[in-house]
Amino acid sequence: MNVDPGRQLRAIARLTVSIRLAVSVLVLTAILLTAGLSSLLWWRTAEATSRQLASTINEQIVAAVRKEVSAIVDEARAAHTAIRTLFLQNVLDTREADKREFVFLSQLQSQATISWVAFGWPDGSFFAAHKLGDRRLEMMEISLTDHPGQRRVDEYDVVPGDIEFANRRFEPTDFRVADRAWFKTGLAAEEPQWFRVMDHPAGERPSIAFAGPIDVYQERQGVLAIVIEYSRLARFLAQLEVGRTGTAFIIDGSGELVAAPDKDADELHVAKGDTTLLPLARTALAKAGEDGRKEAWRSRLTSGGAAYEVALTPLPFPGWSLATVIPEAEFLGPVETTLRRLILGLAVGAVLAALASAMLARSVIAAPLSRVVGELRHVEAFALERVRRHPSRLKEIASLSGAIAEMAAGLSAFRKFIPADLVRGLLRQGVEARPGGSIQELSVMFVDIAGFTGLSERLGDRVVPLLSRYLDLASEAVVANGGTIDKFIGDAVMAFWGAPQPQADHALRCCRAALGCRMAIEQSGLADDLGQPLQIRIGINSGRMLVGNIGSELRLNYTVIGDAVNVASRLEGTNKSYGTQILIGEATERLARGAIVTREIDSIAVYGREEGFSVYELIALAGEAEAAAGWIGRYEQGLANYRARRFAAALADFEAVLNERGHDRPAELMRDRCRQLVATAPDASWRPVATLTTK
């Protein structure tokens with residue numbers, strides 16, 4: 001019969017809490033459920049109405065902008081067609097300055113949205129009429145024969161029904177119409193087309209131009225362009241009311257801004273509209289993709305913690321879209337205010353209902369239930385002899401009290417076989433006591449005291465305080481770096497990292513713990529019976545190993561096993577051969593590389609294995625051993641020469657390390673090997689791998 005008394009106790013405790021709160025929860029649930037459903041229905045209705053209002057506002061704005069853009073496109077085409085017809089019918093010659101000026105100026109005055117009427121000749125000459133806001137015009141001419149390199153400008157004041165000459169001036173210019181894309185393309189085209197234009201004789205002014213060739217008697221005279229500056233669109237957008245704080249943008253297919261609302265924008269004043277909400281429009285364009293360029297698209301976007309209704313609508317100009325951005329708070333703000341008031345009222349009602357239900361629950365249920373809880377506390381503390389049965393008028397509580405008393409009687413007999421402290425520990429940890437494990441990549445560390453066997457023989461029972469202090473310091477270093485202490489085996493400490501909680505940096509944590517343990521032992525002043533500082537040896541390795549509850553149904557241990565664990569144990573003993581304190585395997589060095597300072601000691605084949613692997617001495621954390629870089633590099637250079645059979649060169653390297661450090665057991669060992677190999681050259685079967693003959 002498998003019985004988990006801890007689980008039964010926790011289940012009973014949870015049941016007790018549920019009964020105590022039952023009345024209050026039922027009352028509150030009924031109130032809140034009814035109120036919530038009503039509020040939700042009301043909110044959905046109000047939200048749908050508000051969104052419909054926002055949709056209506058957007059439709060009105062879209063209609064106005066589409067109409068304006070259509071008018072602009074139509075006016076540009078009409079103006080181009082009208083002037084082109086005059087040229088084609090030979091009513092107007094392209095070189096007739098007076099008539100040409102009159103026609104160009106009349107088109108500017110009759111078409112409100114047109115900013116420029118320009119003409120370029122194949123020889124590079126250029127003539128244009130240009131609006132300067134609503135109250136001034138200018139005529140300009142750039143001739144390659146008359147006044148080359150200069151721009152003649154005649155300014156006119158606009159008066160009711162007429163214009164008056166104001167002044168004439170000449171200005172230097174480097175504008176060349178022959179270099180402009182609209183001119184070059186238009187001169188070679190058969191029909192007029194739209195262009196995006198940035199630079200004009202008067203400077204950079206973002207615009208669109210409807211430009212095409214002018215032919216008279218099948219002879220190409222030049223290119224006529226009707227130009228609309230974006231500032232005209234910006235001023236039109238400023239006339240629209242997009243809610244109280246919303247705005248509208250015209251953007252092209254690449255997300256570039258064409259126009260933002262600016263009531264002061266014209267040919268004299270560059271548009272400087274508020275573009276705070278422009279990133280939302282661009283985000284919408286990116287999300288809509290091709291669909292947003294072909295048909296209307298709407299979405300709800302957030303920015304800075306606020307929500308916005310964003311709509312994209314294609315405009316009757318290639319690639320242009322209208323983006324309207326309206327803060328959701330404008331049409332949902334009143335709804336949210338009303339909802340907050342409703343929630344406040346419901347909260348007050350819920351609190352009053354909860355107080356009433358709590359009083360009822362306390363008088364009817366809590367008193368007898370608290371006595372049952374007291375008996376559960378006795379069971380939790382395994383004070384089973386103090387458990388009593390309590391009668392109650394509530395059938396459920398009476399049954400529960402009887403069940404607890406019967407469980408206590410059963411546990412009283414059961415605890416004769418299992419210690420109470422062990423049971424309490426298992427209950428607290430929630431560990432299921434059954435075998436099982438998994439293969440994971442972890443890091444494992446073995447620590448022991450050098451010469452502990454002789455030390456314990458000499459000290460006898462006096463070794464206990466020394467051993468206890470050493471184990472405390474080693475344990476603190478392991479725990480401080482997130483390790484799991486597996487077991488103590490005499491003076492040996494076994495710990496691992498990466499389980500039970502995953503640790504991506506388990507190798508580095510293990511190395512930190514080893515360095516921390518070494519420093520703690522050094523700073524503690526611990527010494528053996530001869531007064532010599534206590535020396536420890538540490539072996540570390542990383543790799544895939546089995547971790548979990550290992551053992552039998554009678555006895556389990558949460559531990560790690562596997563070849564990588566065995567190698568770590570061998571490395572701990574290998575320190576004795578090389579005179580080192582901390583040796584780590586090549587997997588650990590690779591995982592922690594860059595964060596630690598190491599020296600590759602040798603390639604070894606541990607006892608029981610023929611395959612060799614690199615072994616590293618852990619010296620310090622990165623940045624803590626700059627002075628060691630020289631002799632570390634010289635040692636590893638010697639190791640490379642040794643492996644390449646350049647024994648004389650390796651011998652010089654290892655002797656250089658010894659000259660710098662005075663005493664270095666690994667360098668001494670490698671020096672002696674090189675001397676022997678220089679004296680007696682090895683055969684072809686020689687390998688630079690040291691085989692350890694003991695564990």
Side-chain angles (χ1 to χ4, degrees), residues 419 421-422 424-426 428-429 431 442-501 503 505-542 547 550 555-560 565 568-576 580-584 588 592 596 617-621 624:
D421 290 341
L422 176 60
R424 280 194 289 268
L426 291 174
R428 282 195 304 269
Q429 296 179 27
V431 177
L442 310 174
S443 293
V444 63
M445 177 175 75
F446 286 87
V447 188
D448 75 353
I449 300 174
F452 180 74
T453 302
L455 177 64
S456 61
E457 290 177 354
R458 294 193 301 271
L459 290 179
D461 58 2
R462 289 181 297 147
V463 79
V464 174
L466 177 66
L467 182 61
S468 177
R469 178 60 178 153
Y470 149 73
L471 292 176
D472 284 343
L473 295 173
S475 300
E476 289 170 3
V478 170
V479 173
N481 289 277
T484 300
I485 297 176
D486 187 306
K487 60 177 69 72
F488 300 121
I489 311 171
D491 65 316
V493 180
M494 176 182 174
F496 56 89
W497 280 258
Q501 296 297 324
Q503 295 167 327
D505 58 344
H506 55 83
L508 177 58
R509 287 172 178 263
C510 186
C511 292
R512 284 177 176 166
L515 293 170
C517 182
R518 182 178 68 182
M519 179 179 293
I521 297 297
E522 290 174 353
Q523 294 177 350
S524 67
L526 288 176
D528 59 17
D529 57 319
L530 303 177
Q532 297 297 319
L534 196 66
Q535 298 295 320
I536 62 172
R537 291 192 289 253
I538 301 175
I540 296 173
N541 193 38
S542 303
V547 59
I550 309 300
R555 183 70 180 270
L556 295 173
N557 183 26
Y558 188 77
T559 186
V560 291
V565 180
S569 176
R570 301 290 190 273
L571 289 178
E572 180 272 317
T574 304
N575 282 289
K576 184 175 182 180
T580 53
Q581 279 193 300
I582 308 175
L583 288 180
I584 67 175
T588 305
I596 57 175
E617 179 186 11
L618 177 60
I619 297 173
L621 294 175
E624 296 181 358

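Everything numeric in this text was worked out from a predicted model, so none of it was measured. As a basis for the values below, the full set of heavy atoms in this structure was taken, side chains included, without hydrogen atoms, waters or symmetry mates.
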Kindly give the heavy-atom pair with the smallest separation between [X] and [Y], and that separation in Å.
| X | Y | result |
| --- | --- | --- |
| Trp497 | Ala513 | CZ2-CB, 3.4 Å |
| Ile540 | Ile582 | CD1-CG2, 4.3 Å |
| Gln503 | Gly498 | OE1-N, 2.8 Å |
| Ala520 | Leu473 | O-CD1, 3.9 Å |
| Val565 | Phe446 | O-CE1, 3.5 Å |

Is the shortest heavy-atom distance from the side chain of [X] to the side chain of [Y] under 4.5 Å?
| X | Y | result |
| --- | --- | --- |
| Arg512 | Leu621 | yes |
| Met494 | Val560 | yes |
| Phe488 | Ser475 | yes |
| Val463 | Arg458 | no |
| Leu455 | Leu466 | yes |
| Leu583 | Leu618 | no |

**Study point:** Reference residue Gln581; test side chain to side chain donor-acceptor pair (under 3.5 Å); the match among Gln535, Arg537, Glu617
**Key:**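 Going through the options one by one, the only one that passes is Gln535.
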
Review point. So, Ser456 side chain and Phe452 main chain: donor-acceptor pair closer than 3.5 Å or not?
Key: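 Checked: pair present.
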
Counting only pairs under 3.5 Å, give me each side-chain donor-acceptor contact of residues 478-485, with atom names and distances, residues two or more places apart or in other chains.
| from | atom 1 | to | atom 2 | distance (Å) |
| --- | --- | --- | --- | --- |
| Asn481 | ND2 | Ala477 | O | 2.9 |
| Thr484 | OG1 | Ala499 | O | 2.9 |

Practice item. Determine the sole option in Val444, Ile584, Thr588 for which the side-chain contact (heavy atoms from CB on, under 4.5 Å) test with Ser542 is passed. Key: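 Result: among Val444, Ile584, Thr588, Thr588 is the only option passing the side-chain contact (heavy atoms from CB on, under 4.5 Å) with Ser542.
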
Exercise for review: First locate atom CG of Leu459, then atom CG of Asp529, and finally report the distance between them rounded to the nearest 0.5 Å.
Suggested key: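 Rounded to the nearest 0.5 Å, the CG-CG separation comes out at 4.5 Å.
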
Point to revise | Spacing of Cys511 atom SG and Ile619 atom CD1 [to the nearest 0.5 Å] | key: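 The SG atom of Cys511 sits 12.0 Å away from the CD1 atom of Ile619.
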
Review point. Around atom NZ of Lys576, are there more than 12 heavy atoms of other residues, nucleotides or ligands at under 6.0 Å?
Key: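 No, NZ of Lys576 has 12 or fewer neighbouring heavy atoms, counting only those of other groups under 6.0 Å.
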
Point to revise | Any residue meeting side-chain contact (heavy atoms from CB on, under 4.5 Å) with Ala492, in chain and number order, not counting sequence neighbours | key: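 Asp448, Ile489.
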
